Amino acid sequence: RKEAAYNVKLSLYSSMEGYLDSLKIASKKLDSINDLTSFKSTSSDSDLLTASADKTAISSTYNITVHNLAEAHKITSDKFSSSETFGSGTLNIKLGTDTSVAVDVNVNDTISDIATSINNSDADLSANVVFDGIDGYYLTLTGKETGEANKISITVSNDSDSNNTDNAGLSQLIFDETAGKNFGLDDDPVNKGETQAARDATIDIDGVTGIKRANNLITDILKGVTINLNQAPTAAEEAEGLSTTLTIERSNTQVISDVSGFVSAYNNFVDFLVKNQYYDDDNKAAGVLFGDSTANRIGNQLKRQITNTVPGLTSGSDRLSNFGIEGDDDVEKFTINVNEAISITVDSDGRLELDADDLDTALTNDFDGVASFFTQATSGSEGFAVRMTNSITDMLASGGLLHTRKEGIQDELSDIADEKTNVNDRLARSEIRLMRMFNGLESLLGQYQSTGDYLNAQLGALSNLNSYISKRA
C-alpha cells in the first residue's frame, strides 16, 4: 500500500510539472517588450493594396500611389499546325540573369511536345499551347518571376538544318531582342512575339516618386511593413496612378490573446490543486495532496506572485487588477468520485478572470505602463511576467521544489524495492532450509516405516510359531 501511495503521488507531481510548464510558457509570452509589441495595418482601398506589419514597424500614416504592378514577361509564337515539326536541336532558354537551361528537341516533336519538354525542364517559366479554334496552334511562354530584369531569351544550337539563326526549322522559336529575333515573327510589323512586357511595379510614397520593385510583394520600403499590390491601374490611369492611405498602428489583439492564455493556464493549475487537495469532513475523504507541503508551498508562491505589486511603478499600474485581471467571482465547482459509493463537490477558489475590454483600454491609453508592469527587468523590481517566469523556472529546475520532492519519493520507492528484494531473498533461503528439513524428515520417516514393517513381519512369524507349537502339544 505504501508503494502504491508513493506512485500515485509521484504521478501527481509529474502532472503538476506539466501544469507549471504550461504556465511558464504562457508567462514567457509576456515577459519582454518585444512580446507585447504588435502592429496592424489598414488600407483605405484594400482592392488596390493590403499590408502587414511586424514588431519592428512604426506607427504612422502613409499616402501611397500605385502606377503599375510588376508583371512577368509573356511571349507568343507564330502559328503552327498541330502536326508540324521543327527538326532536332536544342533550345537554350533563359529568364533574366538565370543560367541558361538546355531543352532538347527531337526530330518528330510537335509544338505540344516542345511545350511539355520545356515544362519538364528547370527553365523558370511555364509553356502552354493555345488553339485558335480553326487550324492554328501557338506556343506561349510566361516567366515565373516578375520584374523588368526577368525577360525571356531563347537561342538555338545544333539545329538539324545546320543554321541556328535562319528563322527556319527550330530557329523559328528563337526569341532574342538583341538580335531582332522575335519567335518567328520578325517580319510582322504589329506582333513582335511579346504579349506582355516584363515590368517593375512603380509606386509613390509620401512624395517620393518613381519607386520601382520587381515584385508586387514589397518588403523593403517601409520598416517592418510588407506591402501587397493587388490591383493594376488601367493604361489610362497609369500616369496619375491610383491612391490610397495606409495606416500602421499598434494592435492589442495579440497581447490580449496572450494574457488570456496566461489566465487559462493559471486557472488550470488552480483547478488541479483544488481537485487534489480537498478535504470533506462529512465523508472523512481527502485528496492525495491534502496537507502536502510541496504542493502548498508552490501554490502559495504563485498566489503571492498574482497579488504582489511590481516595485517602482505608480499606484494604479502596479498590480494585475489594474489591467482587468482579477479574482473570478463565478466559483467553479467540481465533482470528485471518492469511491463507488461517495461523490463530493468542491469549489475552485483563487481562479483569475480577464476583462478584455479593460485590458484593451489600458493598452490603448498607457501601453508603456502596461509594458513596464509585465516586462520591467530591473533587478529586485522585475515585472510581473518576468518574476512569474523566473519563479516557475526555479520550481522546475534541478534542485527545485518539485525535483527535490520527486527525488525523495523515488528514493523511498527504491528503498521499498530493495526491501522487497531482501524479503524475497530471505524467503527463498528459508524455503531452501525448510525443504532440506522436510527432505530429512521424510527420509527418517521412511526409515521408521521400514523398521515398523520388519517388526510387524517378525511379530507375525512369532505368532505363527506359537500357533504351531500349541497344535503339536
Side-chain angles (χ1 to χ4, degrees), residues 68-201 212 214-215 232 235 238:
N68 65 272
L69 301 190
E71 293 180 327
H73 199 198
K74 291 185 178 182
I75 59 176
T76 301
S77 73
D78 199 357
K79 180 174 75 172
F80 303 105
S81 70
S82 62
S83 59
E84 188 171 349
T85 58
F86 302 86
S88 63
T90 302
L91 295 175
N92 303 298
I93 302 174
K94 186 177 181 182
L95 184 69
T97 58
D98 289 351
T99 302
S100 179
V101 175
V103 177
D104 292 328
V105 177
N106 297 318
V107 66
N108 294 320
D109 282 353
T110 64
I111 199 69
S112 293
D113 295 327
I114 292 174
T116 299
S117 296
I118 292 172
N119 288 329
N120 289 337
S121 74
D122 293 329
D124 203 12
L125 48 80
S126 60
N128 287 286
V129 174
V130 178
F131 176 46
D132 65 9
I134 303 174
D135 59 358
Y137 292 81
Y138 301 80
L139 177 65
T140 67
L141 300 179
T142 304
K144 293 181 180 179
E145 300 291 338
T146 58
E148 186 176 344
N150 291 313
K151 294 181 178 180
I152 299 170
S153 172
I154 305 174
T155 60
V156 170
S157 57
N158 304 317
D159 194 336
S160 57
D161 67 4
S162 300
N163 191 326
N164 295 327
T165 60
D166 63 355
N167 210 29
L170 195 58
S171 302
Q172 297 175 79
L173 300 182
I174 293 176
F175 190 91
D176 187 353
E177 289 182 331
T178 60
K181 297 293 183 179
N182 298 306
F183 232 10
L185 296 165
D186 303 351
D187 299 326
D188 191 325
V190 179
N191 184 3
K192 293 298 183 182
E194 184 177 76
T195 55
Q196 179 171 283
R199 302 182 74 188
D200 289 337
K212 292 182 177 293
N215 298 296
E238 278 193 10

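This structure is a prediction, so every number in the text was calculated from the model and none was measured.
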Self-check item: Shortest non-hydrogen contact from V129 toward A115
Solution: CG2-CB, 3.8 Å
Self-check item: Under 3.5 Å: donor-acceptor pair, side chain of E145, backbone of A72
Solution: no
Practice problem: Keeping the roles fixed (side chain from D132, backbone from G136), state whether a donor-acceptor pair exists under 3.5 Å. | Solution: yes
Self-check item: Under 3.5 Å: donor-acceptor pair, side chain of D200, backbone of E148
Solution: yes
Quiz item: What pair of heavy atoms forms the shortest contact from D113 to N108, and how long is it?
Solution: OD2-O, 4.0 Å
Quiz item: Under 4.5 Å between any side-chain heavy atoms of D161 and L170, yes or no?
Solution: no
Self-check item: Rounded distance [0.5 Å steps], CZ in F175 versus CG in L141
Solution: 9.5 Å
Quiz item: When the ring planes of Y137 and F131 are compared, do they come out parallel, tilted or perpendicular, using 30° and 60° as the limits?
Solution: parallel
Self-check item: Residue pair H73, E194: steps toward the side chain to side chain donor-acceptor pair (under 3.5 Å) verdict
Solution: CA-CA 8 Å; H73 199 198; E194 184 177 76; 2.7 Å; yes
Self-check item: Whether N119 side chain and T116 backbone form a donor-acceptor pair below 3.5 Å
Solution: no
Quiz item: What distance separates I111 CD1 from Q172 CD, expressed to the nearest 0.5 Å?
Solution: 8.5 Å
Exercise. Locate the shortest heavy-atom distance separating V103 from S117; write the atom from each residue and the value.
Key: CG1-CB, 3.7 Å
Quiz prompt | Note, I93 side chain near I118 side chain (heavy atom, < 4.5 Å) | solution = yes
Exercise. Could you tell me whether a side-chain N or O of T146 sits under 3.5 Å from a main-chain N or O of A214, the two making a donor and an acceptor?
Key: yes
Quiz item: Do T76 and V130 come close enough that some side-chain heavy atom pair is under 4.5 Å?
Solution: no
Quiz item: Is R199 salt-bridged to E238, going by a charged N under 4.0 Å from an acidic O?
Solution: yes
Quiz item: Do the non-hydrogen side-chain atoms of L173 and F80 ever get within less than 4.5 Å of each other?
Solution: yes
Quiz item: How many angstroms lie between atom CZ of F86 and atom CD1 of I114, to the nearest 0.5 angstrom?
Solution: 5.0 Å
Quiz item: Heavy-atom distance under 4.5 Å between the side chains of I152 and I75, does that happen here?
Solution: yes
Exercise. Return the minimal non-hydrogen interatomic distance between T90 and A102, and the atom names on each side.
Key: CG2-CB, 3.7 Å
Self-check item: CA sep, side-chain torsions, deciding dist, call: N106, S88, side chain to side chain donor-acceptor pair (under 3.5 Å)
Solution: CA-CA 5 Å; N106 297 318; S88 63; over 6 Å; no
Practice problem: Can you measure from OG (S153) to CG (D176) and round to the nearest 0.5 angstrom? | Solution: 4.5 Å
Quiz item: Is it true that a side-chain atom of S121 and a backbone atom of A123 form a donor plus acceptor pair closer than 3.5 Å?
Solution: yes
Quiz item: Does a side-chain heavy-atom distance below 4.5 Å link V101 with N92?
Solution: no
Quiz item: Closest heavy-atom contact between G87 and V105?
Solution: O-CG1, 3.7 Å
Quiz item: Any side-chain heavy atom of T165 within less than 4.5 Å of one from S171?
Solution: no
Quiz item: How long is the span from the OG1 atom in T155 to the CG atom in N164, to the nearest 0.5 Å?
Solution: 8.5 Å
Quiz item: Okay, side chain of N150, backbone of L95: is any donor-acceptor separation there less than 3.5 Å?
Solution: no
Quiz item: Between K79 and D135, is the closest basic N to carboxylate O distance under 4.0 Å?
Solution: yes
